[in-house]
Peer 1: 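Okay, handing you the structure first.
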Amino acid sequence: MADTKLTYLGAPEEAARSAAPSQVRRLPLGFLIIVGLPTLVGALYYGVIASPRYVSESHFVVRSAGSAQPSGLGLALQGVGLSAGMNDAFAVHEYLSSRDSLKALQTRFDLKNMLSPPNVDWFSRARPPWEGQSEEALYKGFQRKLTVGYDATSGISTLRVEAFNAKDAKAINTAMLDGGEALVNRLNERSAANAVRDAQRSYEQARAEVAASHQALTALRNSAQFIDPRAAVAETTEVVSGLLVTIAQLRAERAQLAAEAPSSPQLPNLDSRIAAYERQVAEARAKATGGAASLAPKVGVYEDLMMRREIADKVMAQATAALLTAEQDARRQKLYLERIVEPNEPDKPLEPKRLMAILTIFASSLLVYAVGWLIWAGVREHRQD
């Protein structure tokens with residue numbers, strides 16, 4: 001029996017050969033455009049064109065004179081932003097990245113040439129040509145060259161400055177730390193000046209009140225012609241008491257004499273003496289508790305003035321103590337910016353991280369390509385259905 005051999009004609013074989021390469025060509029073309037081209041451009045830029053940048057790093061801490069080491073709960077609160085010490089550090093951070101800091105640096109350095117020299121590529125400059133030559137463009141570029149970080153656990157801040165020269169990076173970093181210290185000193189001076197001014201104002205008010213109370217008390221003594229009306233009332237009371245004792249003795253003597261000798265000639269004399277003493281008692285009582293000219297209202301005014309003077313003296317003592325405390329605090333610095341690590345002068349550029357940048361571009365492009373391929377595969381499958 002003869003063997004059966006199957007042979008394929010030319011048309012189907014040519015169709016298979018033409019279909020396979022077309023499908024193969026579609027995948028590499030999209031891959032080259034989406035992944036290969038961006039990676040090639042990134043490798044060309046970061047490998048050949050990108051200018052090296054030097055990074056100077058320093059570490060500092062902002063703390064108060066009486067700050068203590070935080071407890072475990074304090075560290076937990078720091079982690080959620082509830083630490084009071086973070087406010088002082090963040091105030092310095094805001095200043096370092098502010099326009100005031102930029103202006104202070106411009107008075108010491110030529111930042112335009114330091115951060116945007118003409119011999120570096122456009123993309124690395126702090127002020128690229130397409131952003132213009134305005135101060136706002138320089139400020140934005142200055143922020144891109146600056147990194148300020150904070151470790152909530154240790155309270156240490158990190159300052160990183162990028163420049164195209166190692167000495168420039170160190171100089172800018174040192175100058176910015178000087179500016180932060182100047183800011184802390186200004187805050188200390190302003191706080192101390194406000195505290196001393198408020199304490200001085202309270203002291204002057206208390207002193208004026210003491211002087212006014214003394215003047216009112218002196219005026220009362222001059223008008224009443226005595227030093228202490230309470231002593232005058234006590235003297236009058238003592239005199240009245242003595243007169244009443246004498247009157248009681250005279251009445252007892254008269255009663256005994258009238259019982260023994262009713263027609264004695266001494267009785268009228270005793271009656272006149274008793275009447276005289278009674279008049280003295282009435283006059284003394286009228287002087288003490290009579291009308292407006294008596295001692296009673298003057299004693300009330302005097303006691304009010306004495307209370308006013310005592311209160312003024314106590315307020316004066318408190319104001320004096322507060323003023324002394326404010327002056328002592330003003331001499332003692334409240335906030336400190338302590339440099340833990342001085343700015344370094346790098347011996348090699350740390351930016352840009354060329355290999356990492358190229359790999360990032362490749363990975364991102366590959367991810368975009370994979371997502372696009374999945375979408376296209378889903379659309380194509382949907383069309384076939």
Peer 1: Are any non-hydrogen side-chain atoms of R144 and E162 less than 4.5 angstrom apart?
Peer 2: no
Peer 1: Should E136 and R99 count as an ion pair when the cut-off is N to O under 4.0 Å?
Peer 2: yes
Peer 1: Testing the 3.5 Å rule here: is there a donor-acceptor pair between the side chains of H93 and S157?
Peer 2: yes
Peer 1: Under 4.5 Å between side-chain heavy atoms, counting indirect links through other Ile/Leu/Val/Met/Phe/Trp/Tyr residues: same cluster for L374 and Y369 or not?
Peer 2: yes
Peer 1: For V92 and G180, which heavy atoms make the closest approach, and how far apart are they?
Peer 2: CG1-CA, 4.2 Å
Peer 1: State plainly whether the residues E338 and R63 are in salt-bridge range, i.e. N to O under 4.0 Å.
Peer 2: yes
Peer 1: Applying side-chain contact (heavy atoms from CB on, under 4.5 Å), run through E342 and H59 and close with a yes or a no.
Peer 2: CA-CA 7 Å; E342 292 287 342; H59 300 271; over 6 Å; no
Peer 1: Can any side-chain N or O of N188 pair as donor or acceptor with the backbone N or O of V184 at less than 3.5 Å?
Peer 2: yes
Peer 1: Kindly say whether S56 contributes a backbone atom to a donor-acceptor pair with the side chain of N344 at under 3.5 angstrom?
Peer 2: no
Peer 1: Distance check, rounded to the nearest 0.5 Å: L337 atom CG versus E181 atom CD?
Peer 2: 5.5 Å
Peer 1: With hydrophobic residues grouped by side-chain heavy-atom distances under 4.5 Å, do I340 and V161 end up in a single group?
Peer 2: no
Peer 1: Once rounded to the nearest 0.5 Å, what's the spacing between atom OH of Y95 and atom CG of L187?
Peer 2: 10.5 Å
Peer 1: Nearest 0.5 Å, please: how far is CD in E57 from CG in L159?
Peer 2: 8.5 Å
Peer 1: Please report the closest heavy-atom contact between I33 and P38, naming both atoms and the distance.
Peer 2: O-CD, 3.3 Å
Peer 1: Does this structure show an ion pair linking K112 with E135, if we count only N-O contacts that are shorter than 4.0 Å?
Peer 2: yes
Peer 1: Side chains of Y139 and Q143: any donor to acceptor distance under 3.5 Å?
Peer 2: yes
Peer 1: Taking the six-membered ring for Trp and the full ring for Phe, Tyr or His, determine whether the centres of F164 and Y54 are under 6.0 Å apart.
Peer 2: no
Peer 1: What heavy-atom pair brings T174 and P343 nearest, and what distance separates the two atoms?
Peer 2: OG1-CG, 3.5 Å
Peer 1: Taking all heavy atoms of E209 and all of A312, pick out the closest pair and write down the distance.
Peer 2: CG-CB, 3.7 Å
Peer 1: State plainly whether one hydrophobic cluster holds both I375 and L367, where clusters connect Ile, Leu, Val, Met, Phe, Trp and Tyr through side-chain heavy atoms under 4.5 angstrom apart.
Peer 2: yes
Peer 1: Rounded to the nearest 0.5 Å, what separates atom CG in L40 from atom CD1 in I361?
Peer 2: 10.5 Å
Peer 1: Within this structure, what is the OG1-CG distance for the pair T39 and L359, rounded to the nearest 0.5 Å?
Peer 2: 9.0 Å
Peer 1: Quick check for you: to the nearest 0.5 Å, what is the distance between L138 atom CG and F142 atom CZ?
Peer 2: 8.5 Å
Peer 1: Answer whether the closest heavy-atom distance between the side chains of F60 and I156 falls below 4.5 Å.
Peer 2: no
Peer 1: Between S101 and S97 (side chain of the first, backbone of the second, donor and acceptor by atom type, cut-off under 3.5 Å), is there such a pair?
Peer 2: no
Peer 1: With a 3.5 Å distance limit and no angle check, can you tell me whether T107 reaches the backbone of A104 through a side-chain donor-acceptor pair?
Peer 2: yes
Peer 1: Side-chain contact, heavy-atom cut-off 4.5 Å: M176 with L105?
Peer 2: yes
Peer 1: Does a side-chain heavy-atom distance below 4.5 Å link T158 with R160?
Peer 2: yes
Peer 1: Taking only residues two or more places apart in sequence or in another chain, which ones pass salt bridge (charged side-chain N to carboxylate O under 4.0 Å, His left out) with D178?
Peer 2: R108, R339
Peer 1: Where do F109 and A175 come nearest, in terms of heavy atoms and distance?
Peer 2: CE1-CB, 3.5 Å
Peer 1: Compare all side-chain heavy atoms of V368 with those of L366 and state whether any distance is below 4.5 angstrom.
Peer 2: no
